[in-house]
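Inspection log for the structure reproduced underneath, given as structure tokens.
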Amino acid sequence: MGTWDIGPFENDMAADFAGALDGTAPDERENLVRATLGRAVRARDYLDGSEGEKAVAAAALVAAQCPGGEPVGTGYGPKEALPAFSGDLRPLAVEALDRVVAGESELAELWDETSNGPKWRESIGRLRAVLAPESGPREEAPLVV
């Protein structure tokens, strides 16, 4: 995992996603964020870690535009201006984050193997709370083995 910290843009895939956003025409940037979130939501069997990392970064960009959202303050995030996102991206971002922390997610598995796993899950929970303040954190069903 090319990751150096728990922030949404503190890994190689998210930094690459930010570069792709910067290289995308301004009127297509929302579509790229939407497509990135949608790929994570539609992953049925297993969510690849790189797709999870990009989904977290996309969700962080949506959350940054919400009341209580934190601006993306890292040198690895997008440098070009982003449009004001449509309100319908918020529930999609919530779904993507829920998928990232659920079972059958490589990113969640990798973080859960580290001592920073709980801090990472907490950071995802904070993003989710900004995106859907009325719903609160989602309780994960226990895994049945």
Side-chain angles (χ1 to χ4, degrees), residues 1-74 76-78 80-114 116-143:
M1 181 161 60
T3 300
W4 51 91
D5 209 343
I6 64 170
F9 283 93
E10 294 173 339
N11 61 74
D12 291 339
M13 293 310 299
D16 289 347
F17 170 69
L21 267 173
D22 287 340
T24 299
D27 62 335
E28 289 298 316
R29 291 182 183 143
E30 180 173 329
N31 290 335
L32 180 56
V33 169
R34 183 181 306 282
T36 300
L37 295 169
R39 276 192 303 277
V41 169
R42 288 187 306 274
R44 294 291 171 225
D45 296 328
Y46 192 75
L47 179 61
D48 181 70
S50 62
E51 289 300 325
E53 288 171 330
K54 290 185 276 188
V56 170
L61 293 175
V62 176
Q65 294 185 3
C66 296
E70 295 180 22
V72 176
T74 175
Y76 299 103
E80 299 296 324
L82 295 171
F85 294 131
S86 303
D88 69 330
L89 279 182
R90 289 173 75 170
L92 184 62
V94 168
E95 279 188 80
L97 290 177
D98 288 349
R99 181 63 186 91
V100 166
V101 298
E104 302 300 317
S105 167
E106 181 182 27
L107 187 58
E109 289 175 7
L110 291 170
W111 275 109
D112 288 345
E113 293 172 356
T114 72
N116 282 330
K119 283 175 54 179
W120 175 79
R121 283 186 177 272
E122 196 174 294
S123 73
I124 299 296
R126 283 192 304 274
L127 280 177
R128 192 184 189 290
V130 167
L131 290 161
E134 68 284 349
S135 68
R138 179 178 164 259
E139 291 295 321
E140 237 183 276
L143 292 176

TODO: Tell me, yes or no, whether the heavy-atom count around Glu70 atom CD, taken from other residues, nucleotides or ligands under 6.0 Å, exceeds 12.
DONE: no
Open item on the list: A side-chain contact here means heavy atoms from C-beta on lying under 4.5 Å apart; do Val101 and Trp111 qualify?
Closed with: no
Task: Minimum-distance pair of heavy atoms, taken over all atoms of Thr24 and Ala20 - done: OG1-O, 2.6 Å
Open item on the list: When you compare the side chains of Ser50 and Asp48, does any donor N or O come within less than 3.5 Å of an acceptor on the partner?
Closed with: yes
Task: Sub-4.5 Å side-chain heavy-atom contact between Leu107 and Leu47 - done: no
Open item on the list: Checking the side chain of Arg128 only, and the main-chain atoms of Asp98 only, is there a donor and an acceptor separated by less than 3.5 Å?
Closed with: no
Open item on the list: Please determine whether side-chain contact (heavy atoms from CB on, under 4.5 Å) holds for the pair Arg90 and Val62, giving the CA-CA distance in whole Å, both sets of side-chain angles, and the decisive distance to 0.1 Å.
Closed with: CA-CA 7 Å; Arg90 289 173 75 170; Val62 176; 4.0 Å; yes
Open item on the list: Give me the atom names and distance for the closest heavy-atom approach of Ala63 to Leu127.
Closed with: CB-CD2, 3.9 Å
Task: Thr114 and Leu110, any side-chain heavy atoms less than 4.5 Å apart - done: no
Task: Considering all heavy atoms, the nearest Ala18-Pro78 contact - done: CB-N, 3.4 Å
TODO: Examine distances only and state if a side-chain atom of Glu80 and a backbone atom of Asp22 form a donor-acceptor pair shorter than 3.5 Å.
DONE: no
Open item on the list: For a 4.5 angstrom cut-off between non-hydrogen side-chain atoms, does Lys54 reach Asp16?
Closed with: no
Task: Val41 vs Arg99 side-chain heavy atoms within contact, under 4.5 Å - done: no
TODO: Locate the shortest heavy-atom distance separating Leu37 from Ala58; write the atom from each residue and the value.
DONE: CD2-CB, 3.7 Å
TODO: Kindly compute the distance separating CD1 (Ile6) from CG (Asn116), expressed to the nearest 0.5 Å.
DONE: 6.5 Å
Task: Exercise: identify the closest heavy-atom pair between Gly68 and Val130 - done: O-CG2, 3.7 Å
Task: Donor-acceptor under 3.5 Å (Gln65 side chain, Phe85 main chain) - done: yes
TODO: Indicate yes or no: at least one non-hydrogen side-chain atom of Ser86 is less than 4.5 angstrom from one of Glu30.
DONE: yes
Task: Main-chain N/O of Ala14 paired to Asn11 side chain as donor or acceptor, under 3.5 Å - done: yes
TODO: Assess whether atom OH of Tyr76 is packed by more than 12 heavy atoms of other residues, nucleotides or ligands within 6.0 Å.
DONE: no
Task: Contact summary for Ala108 and Ala102, nearest pair of heavy atoms - done: CB-O, 4.2 Å
Task: Whether Asp112 side chain and Gly117 backbone form a donor-acceptor pair below 3.5 Å - done: no
Task: Flag side-chain contact, heavy atom, 4.5 Å: Leu21 against Leu61 - done: yes
TODO: Kindly indicate whether the side chain of Glu122, heavy atoms from C-beta on, has any atom under 4.5 Å from the side chain of Arg126.
DONE: yes
